[in-house]
Amino acid sequence: MPTAALFHIRDTRPDAPHYQDLLDELNAGAMTALRDAGWHAQLHAATEHPLDDLLGAARSADVVVILGGEDVDPRTYGTTDSRPDWTPYDTGADEAQLAIIRDTAAAGRPLLGICRGMQLVNVAFGGTLHQHIDGHRGSRSAPFVATEVRFDRPDPISTAGDHLCSHHQSVDRLGEGLDATARAADGTVEAVRHRELPVWAYQWHLEHPRSAARQLVPAMAALRASVRTGEASDRS
C-alpha cells in the first residue's frame with residue numbers, strides 16, 4: 001500500500017471559520033479519494049506539531065503533499081507586502097512547510113505541491129511570486145473558477161475534468177530547476193515541474209471533491225511511478 005503525508009496549515013481558525021470550512025472540504029476530498037484508491041494517507045497540521053515530527057512523517061511517506069492555505073509571506077522571497085488588501089500571514093507554517101519541501105527535495109523523494117503548495121515549492125527553489133492577480137478566484141459563496149489550462153508537455157491529468165482554481169497569487173520568477181508545464185490563457189503559470197527531481201506542482205485544486213479521484217490520485221500515482229522508472233521530470 002503506498003503512503004502519503006499531506007501537510008496543511010492548521011486544524012482550526014477561530015477568526016476565519018468559513019475559510020477553515022473551505023479548506024476542510026478540500027482536505028477531506030484529498031483524504032477520501034486517496035484512501036478509496038488504496039493509499040494510506042495521513043494529514044498533518046504544520047503549525048501544530050514539532051518540526052522534527054513533521055519531517056519524520058514526510059521522510060516515511062512515498063509521496064509528500066503540500067496543500068493550500070494563506071498567502072506566502074513575501075519576506076520568504078526577499079521582498080515586502082504589496083497586496084491591495086491585507087490578510088494575515090502564517091510565518092510558522094511558511095517556515096515548517098519550506099523546511100519539509102527542502103528536506104524532501106534534497107533526498108530526492110516525491111513531492112507534490114497544490115495551490116499555496118506550488119507557490120512554496122517555487123519559493124523553496126529561489127523563485128518569487130506575483131502578490132496579487134485577478135481572474136483566478138470566484139466569490140465567497142462560489143470560490144472556485146474553472147480555468148482553461150494549456151499544457152506544454154504530457155501530463156496524466158491534462159484532460160481529467162475541470163481545473164478548479166481559487167487563488168490571487170501566482171508564480172512570478174521561476175525557481176532554479178523548475179519549468180512551467182501549464183499556463184492559463186492569460187499566461188498565469190498553473191503547473192511546474194523540476195527538471196531533475198521528482199517535484200511536481202499544480203496551482204489549481206486537484207484535491208477538490210469534484211476532482212480528487214480523477215486528478216489528485218493519478219497525479220500522485222504518476223509522480224511515484226516516475227521515481228521508480230527514473231523519469232521524475234517526464235520531459236518527453
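Computed over heavy atoms, backbone and side chain alike; hydrogens, waters and symmetry mates excluded.
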**Asked** Any idea which heavy atoms bring Ala222 and Pro156 closest together, and the distance?
**Response** CB-CG, 3.7 Å
**From NE2 (His18) to CG (Leu23), nearest 0.5 Å** = 10.0 Å
**Prompt:** Which of parallel (below 30°), tilted (30 to 60°) and perpendicular (above 60°) describes Phe144 and His205?
**Reply:** perpendicular
**Item:** Audit row: Asp15, Arg13, salt bridge (charged side-chain N to carboxylate O under 4.0 Å, His left out) steps and yes/no
**Value:** CA-CA 5 Å; Asp15 296 331; Arg13 287 176 174 82; over 6 Å; no
**Item:** Criterion side chain to side chain contact (heavy atoms under 4.5 Å, CB included) on Arg183 and Glu190, from CA distance to verdict
**Value:** CA-CA 5 Å; Arg183 294 180 184 269; Glu190 291 289 343; 5.7 Å; no
**Item:** Minimum-distance pair of heavy atoms, taken over all atoms of Arg195 and Leu178
**Value:** NH2-O, 3.7 Å
**Prompt:** Side chains of His168 and Asp134: does their closest heavy-atom pair fall under 4.5 Å?
**Reply:** no
**Request:** Step by step, work out the side chain to side chain contact (heavy atoms under 4.5 Å, CB included) result for Phe7 and Val65.
**Result:** CA-CA 6 Å; Phe7 296 90; Val65 183; over 6 Å; no
**Message:** To the closest 0.5 Å, what do you measure between OG1 (Thr128) and CG (Asn122)?
**Reply:** 7.0 Å
**Complete:** For Ala213 and Ala33, the nearest pair of non-hydrogen atoms, with its separation, is N-CB, 3.8 Å
**Item:** Expected output: side-chain His208 to main-chain Arg210 donor-acceptor under 3.5 Å
**Value:** yes
**Asked** Parallel, tilted or perpendicular: which fits the ring planes of Phe125 and His194, with parallel below 30° and perpendicular above 60°?
**Response** tilted
**Asked** Does the side chain of Val217 come within less than 4.5 Å of Leu34's, by heavy atoms?
**Response** yes
**Test item: Val227 and Pro110 side chains (from C-beta on) under 4.5 Å apart, heavy atoms** = yes
**Polar contact flag, side-chain donor to acceptor under 3.5 angstrom, His8-Asp11** = yes
**Request:** Would you mind reporting whether Ile9 and Arg116 have side-chain heavy atoms less than 4.5 Å apart?
**Result:** yes
**Prompt:** Does one side chain, of Tyr77 or Asp172, offer a donor that lies under 3.5 Å from an acceptor on the other?
**Reply:** no
**Under 3.5 Å: donor-acceptor pair, side chain of Thr104, backbone of Ile101** = no
**Request:** Before giving the answer on salt bridge (charged side-chain N to carboxylate O under 4.0 Å, His left out), spell out for Arg75 and Asp81 the whole-Å C-alpha distance, their side-chain angles and the decisive distance to 0.1 Å.
**Result:** CA-CA 8 Å; Arg75 289 176 293 185; Asp81 192 338; over 6 Å; no
**Asked** What's the spacing between Arg137 CZ and Cys115 SG if we round to 0.5 Å?
**Response** 10.0 Å
**Prompt:** Are any non-hydrogen side-chain atoms of Leu164 and Trp204 less than 4.5 angstrom apart?
**Reply:** no
**Prompt:** Which atom names give the shortest non-hydrogen contact between Gly38 and Pro2, and what distance separates them?
**Reply:** O-CD, 3.7 Å
**Message:** Would you say Asp186 and Thr188 are linked by a side-chain donor-acceptor pair, where the criterion is simply a distance under 3.5 Å?
**Reply:** yes
**Verdict with reasoning, Glu70 to Arg10, per salt bridge (charged side-chain N to carboxylate O under 4.0 Å, His left out)** = CA-CA 10 Å; Glu70 281 79 359; Arg10 59 178 63 253; 5.5 Å; no
**Message:** Could you walk me through whether Leu43 and Leu67 satisfy the side chain to side chain contact (heavy atoms under 4.5 Å, CB included) test, starting with their C-alpha distance in whole Å, then the side-chain angles of each, then the deciding distance to 0.1 Å, before giving a yes or no?
**Reply:** CA-CA 10 Å; Leu43 187 65; Leu67 296 165; 3.7 Å; yes
**Message:** Between Val121 and Ile66, does the side chain to side chain contact (heavy atoms under 4.5 Å, CB included) criterion hold? Intermediate values first, please.
**Reply:** CA-CA 9 Å; Val121 164; Ile66 307 295; 5.6 Å; no
**Request:** Answer yes if the side chains of Thr3 and Asp62 hold a donor-acceptor pair under 3.5 Å, and no otherwise.
**Result:** yes
**Prompt:** If only atom types and distance count, is the side chain of Gln215 paired as donor or acceptor with the main-chain N or O of Asp162 below 3.5 Å?
**Reply:** yes
**Asked** In Å, rounded to the nearest 0.5 Å, how long is the span from CE of Met118 to CG of Leu129?
**Response** 9.0 Å
**Request:** State, to 0.1 Å, how close Ala96 and Ala46 come at their nearest heavy-atom pair, and which atoms those are.
**Result:** CB-O, 3.8 Å
**Message:** Heavy-atom count check: over 12 atoms from other residues, nucleotides or ligands less than 6.0 Å from Arg83 CZ?
**Reply:** yes
**Complete:** Heavy-atom nearest pair, Arg109 first then Ala58, reads NH1-O, 3.1 Å
**Message:** Within the 4.5 Å heavy-atom criterion, are Met220 and Trp39 side-chain neighbours or not?
**Reply:** yes
**Prompt:** Roughly how far apart are Ser170 OG and Ile133 CD1, rounded to 0.5 Å?
**Reply:** 3.5 Å
**Asked** Does a donor on one side chain sit under 3.5 Å from an acceptor on the other, for His44 and Asp53?
**Response** no
**Message:** Using modelled atom types and a 3.5 Å cut-off, is there a donor and acceptor pairing between side-chain atoms of Thr76 and backbone atoms of Asp73?
**Reply:** yes
**Message:** Working to the nearest 0.5 angstrom, can you tell me the gap between Ile100 CD1 and Leu111 CG?
**Reply:** 9.5 Å
**Message:** With salt bridge (charged side-chain N to carboxylate O under 4.0 Å, His left out) as the criterion, how do Arg193 and Asp155 come out once you've worked through the C-alpha distance, each side chain's angles and the decisive distance to 0.1 Å?
**Reply:** CA-CA 11 Å; Arg193 289 193 193 180; Asp155 191 287; 3.1 Å; yes
**Message:** For Tyr19 and Asp24, which I'm curious about, is there any donor-acceptor pair between the side chains at under 3.5 Å?
**Reply:** no
**Sub-4.5 Å side-chain heavy-atom contact between Asp52 and Leu54** = no
**Message:** A side-chain contact here means heavy atoms from C-beta on lying under 4.5 Å apart; do Gln131 and Thr79 qualify?
**Reply:** yes
